[in-house]
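Below: the structure, in structure tokens.
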Amino acid sequence: MNASVRAGTGLLLVLALMLAGASWLQPASDGAMDAVLAPPGALHWLGTDDLGRDVLRRLAVAALPTLGIGVAVSAASIALAVLLALCGLAWPAADTLVLRLADLFSALPSTLVFIVIALAMQPGVAALVAMLAAFGWDVEFRALRLRLRQVWRQESLDAARLAAASGIYLLRRHVWPAMAGLLAVQAVALVRRAVFHYAGLAFLGLADPRTPTWGGMLNETMPYLAHPDARAWILAVWLCLAMLLIALALLGQGLDERARC
């Protein structure tokens, strides 16, 4: 395990332990309205928000949806990219079409597309995940396609074909193990990108407000930027989101370095 992987994993563990442990150790409160925008204290370690809710507990509750949405988008994007790469491998005509489609999606300003679709449709979480995945598969598709073709043409696979090995067997025993490193790197990169994009949409008020996320919490802080008692609330959300993105970047960099060795 190289330094970047250790740093990224360690930062994720610190963030998880900090939120889970602190929210569990912190004394319970009744959420009384007189605690609105309360500064950090013995009862509320990071203060309260504009509705009197404890900021630390809300950060802990919103952590899983924030990361879970990123994981869901990453899994869907990887699955779509793999499926299209396999189609291109099986049918050369389809490969040309998929490459042109990837060029088209790469040329589109994805952030602007996300904003326009979210404004027009007001989608829920599932629809936003599908939208982010539909416009995210092309980012890592070319590297995945190239690696798949390199592995598929290896001499060991030619020998297995001569032994009448099926395509499913070749994929399961030869192709996927050889591509595991690249897929792990791409998955982490897509999680980080999805977390960032979803946080941006939630910050703009274009995500489902019923699902607690750190981006949505940032949106809630905007009217109180100049309020002195809201500083801990604002900084805590920003720091948690920044720590998550930095940890994922370090983890992805470390996995990439290890895959290249």
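Not measured: the values here are computed from a predicted model.
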If you count the non-hydrogen atoms of other residues, nucleotides and ligands that lie under 6.0 Å from [atom1] in [X], is the total more than 12?
X: R100; atom1: CZ; value: yes
X: R149; atom1: CZ; value: yes
X: W176; atom1: CH2; value: yes
X: L104; atom1: CG; value: yes
X: F105; atom1: CZ; value: yes

same_hphob_cluster([X], [Y]) at 4.5 Å side-chain heavy-atom cutoff:
X: Y198; Y: L206; result: yes
X: V139; Y: L80; result: no
X: I115; Y: M222; result: yes
X: M243; Y: W238; result: yes
X: L64; Y: V188; result: no

Closest non-hydrogen atom pair between [X] and [Y], with its separation:
X: V61; Y: P212; answer: CG1-CG, 4.0 Å
X: A194; Y: L132; answer: O-CD1, 4.4 Å
X: W137; Y: V98; answer: CH2-O, 4.1 Å
X: L19; Y: A63; answer: CD1-CB, 4.0 Å
X: L12; Y: L251; answer: CD1-CD2, 4.2 Å
X: N219; Y: L204; answer: ND2-C, 4.0 Å

Could you grab the distance from atom [atom1] of [X] to atom [atom2] of [Y], nearest 0.5 Å is fine?
X: T48; Y: L56; atom1: OG1; atom2: CG; answer: 12.5 Å
X: I246; Y: L241; atom1: CD1; atom2: CG; answer: 9.5 Å
X: L218; Y: T213; atom1: CG; atom2: OG1; answer: 8.5 Å
X: L190; Y: H197; atom1: CG; atom2: NE2; answer: 11.0 Å
X: L148; Y: M179; atom1: CG; atom2: CE; answer: 5.0 Å
X: D138; Y: F141; atom1: CG; atom2: CZ; answer: 9.5 Å

Is the shortest heavy-atom distance from the side chain of [X] to the side chain of [Y] under 4.5 Å?
X: L51; Y: R58; result: no
X: L67; Y: V191; result: yes
X: L128; Y: M131; result: yes
X: D95; Y: R145; result: yes

Please check: side-chain N/O of W214 versus main-chain N/O of L59, any donor-acceptor pairing under 3.5 Å?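 Between the backbone of L59 and the side chain of W214 there is a qualifying donor-acceptor contact (under 3.5 Å).
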Apply side chain to side chain donor-acceptor pair (under 3.5 Å) to residues Q154 and Q150 and explain how you reach the verdict. CA-CA 7 Å; Q154 289 178 352; Q150 289 174 344; over 6 Å; no
Between Q186 and R147, is a side-chain contact (heavy atoms from CB on, under 4.5 Å) present by the stated rule, with each step listed? CA-CA 12 Å; Q186 292 184 337; R147 180 58 178 159; over 6 Å; no
Check the pair L144 / L183 against side-chain contact (heavy atoms from CB on, under 4.5 Å), numbers first and verdict last. CA-CA 8 Å; L144 190 149; L183 289 174; 3.6 Å; yes
Could you go through L170 and W152, starting from their C-alpha distance and side-chain angles, then the distance that decides it, and tell me whether this counts as side-chain contact (heavy atoms from CB on, under 4.5 Å)? CA-CA 9 Å; L170 293 176; W152 194 254; 4.1 Å; yes
Evaluate side-chain contact (heavy atoms from CB on, under 4.5 Å) for M217 paired with D49, printing each intermediate quantity in order. CA-CA 9 Å; M217 291 180 68; D49 63 9; over 6 Å; no
